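Indexing begins at 1, ligand by ligand and atom by atom, following the structure's order. Predicted model only: the values in this text are computed from it and were never measured.
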Amino acid sequence: MIHIVIVSILVILSTLGIYYGFLNNETLLPEAASAQAGPIDELFNIHWIIMAFFYSLIMVFILYSVVVFRKRKGDESDGAYFKGNTRLEIVWTIVPLGIVLFLALQGGKALAEVERRASDAFDVNVYASQWSWRFEYPATGAVSSELALPVNRQVLLKMSSSDVIHSFWVPEFRVKQDILPGGEAFVRYLRITPTEEGFYKILCAELCGTYHNEMRADVIVMSEENFETWLESQSGCDLGSAECGQRWASANGCQGCHSVDGTTRVGPTWLGLYNSEVPLEDGSTVFADEDYLFESITNPTAKIHEGFNPDAMPKTFSELLTEEQINDIIEFIKSLEK
Ligand code: CUA
């Protein structure tokens, strides 16, 4: 009897120690910044406690037995032999079954909570491609390479990919969704209600090729007024201008690989590119005029700049961009002439 009391106390102490010592959400998870994070963190908590308890139960039993029932000097007798215990077997079948059913119920509730739609939700179209993000606000036609969101309002992300499978993940929002290629029929949805203003990062969570690790984008959660101002600043520019071109370039993540200040990134810098002599992989050179720029955007492997990986450049811009937008981007590159 005394053994059961001691073991019980040790199991309780160990469970609490493990849980509060390192398994609780505060030490394990980043800040929670969305309404959807609540039910998910609660679910995590339940799992942590159950895990801490069973780990403690097993470890305390083993260690207690090893220490307390160890072989004494001069004692050559064997331990008592017994076989089978129906009552124990029933208990260890029913208890885990109950736990699994309980967790399934909690999981179902959390999923329903996370997917619940709000009546004031607004849409953002998300386009993922190797290796950048693009966000479209259909209400105003704004396009951006960063995801701006108003605080405390639900956004419905409608996500598609132009090439391979990617995955939208912001750790602080907790929710994650794979993004599939294949067009309309494969659009995937994700609901997020940001609850904290601030800056976050989208991380692509699906291995999607050479520059998967660089496939990130900023998320800015701002007040409703700032969001309206931001939306306005994103729409409207004089077509055919370098200013518009800069916007399309930014919205499509061009500057992730092409700097505008002369530094070399994954792709050649745009500073001084126009009207320059470009060395090609085959040893020849080409004069960077408008035709060359247009071809390099729409068909990037036609002429390969010496020293750069031709696979780094997405081959989808002829579909993603209109001819006017491409011409605007060329205007922008021209404005960076040295
Ligand atoms: Cu896209 Cu990894």
Side-chain angles (χ1 to χ4, degrees), residues 29-31 33-34 36-37 40 114-115 123-138 142-149 155-192 194 199-221 234 247-259 264-268 270 296-301 304 308-321 325-326 329:
L29 300 176
E31 174 204 8
S34 78
Q36 287 72 21
I40 291 176
V114 163
E115 290 184 345
D123 291 359
V124 173
N125 298 327
V126 178
Y127 298 96
S129 59
Q130 290 171 315
W131 287 274
S132 64
W133 299 90
R134 196 161 65 104
F135 307 98
E136 251 178 45
Y137 295 73
V143 184
S144 171
S145 62
E146 56 188 16
L147 179 61
L149 297 173
V155 58
L156 173 60
L157 302 175
K158 299 183 170 174
M159 310 197 282
S160 47
S161 163
S162 60
D163 36 49
V164 299
I165 301 176
H166 301 275
S167 184
F168 179 101
W169 184 41
V170 177
E172 289 85 354
F173 294 162
R174 299 293 192 271
V175 284
K176 184 159 85 173
Q177 173 64 52
D178 276 5
I179 306 177
L180 310 178
E184 274 300 310
F186 292 92
V187 171
R188 286 293 175 270
Y189 301 92
L190 190 62
R191 290 176 185 277
I192 296 169
F199 291 89
Y200 309 98
K201 277 266 182 234
I202 298 170
L203 312 172
C204 179
E206 180 67 47
L207 190 57
C208 59
T210 317
Y211 298 99
H212 155 71
N213 63 312
E214 287 178 29
M215 191 167 164
R216 294 154 188 247
D218 291 324
V219 184
I220 312 164
V221 177
Q234 290 301 306
R247 179 162 301 165
W248 309 139
S250 154
N252 288 284
C254 299
Q255 264 70 71
C257 297
H258 303 280
S259 78
T264 300
R265 295 191 189 144
V266 175
W270 282 2
S296 295
I297 293 170
T298 53
N299 183 13
T301 49
I304 298 158
F308 289 97
N309 177 359
D311 294 328
M313 172 84 176
K315 291 159 192 66
T316 45
F317 286 126
S318 52
E319 293 155 39
L320 282 176
L321 299 166
Q325 287 177 320
I326 294 174
I329 291 175

Step by step, work out the side chain to side chain contact (heavy atoms under 4.5 Å, CB included) result for Lys176 and Phe168.
CA-CA 6 Å; Lys176 184 159 85 173; Phe168 179 101; over 6 Å; no

Run the numbers on Glu206 and Met215 for side chain to side chain contact (heavy atoms under 4.5 Å, CB included), then give the verdict.
CA-CA 10 Å; Glu206 180 67 47; Met215 191 167 164; over 6 Å; no

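Under a 4.0 Å N-O distance rule, the pair Arg188/Asp178 does not qualify as a salt bridge.
Panel detail: atom 2 (Cu) of ligand 1 has protein N, O or S atoms under 2.8 Å away, 4 in number.
Glu214 places none of its side-chain heavy atoms less than 4.5 Å from the side chain of Trp131.
Contacts of Phe135 classified as ring pair (Phe, Tyr, Trp, His ring centres under 6.0 Å), with partners at least two apart in sequence or in another chain: none.
In terms of heavy atoms, Asp163 sits closest to Gln130 at OD2-N, 2.8 Å.
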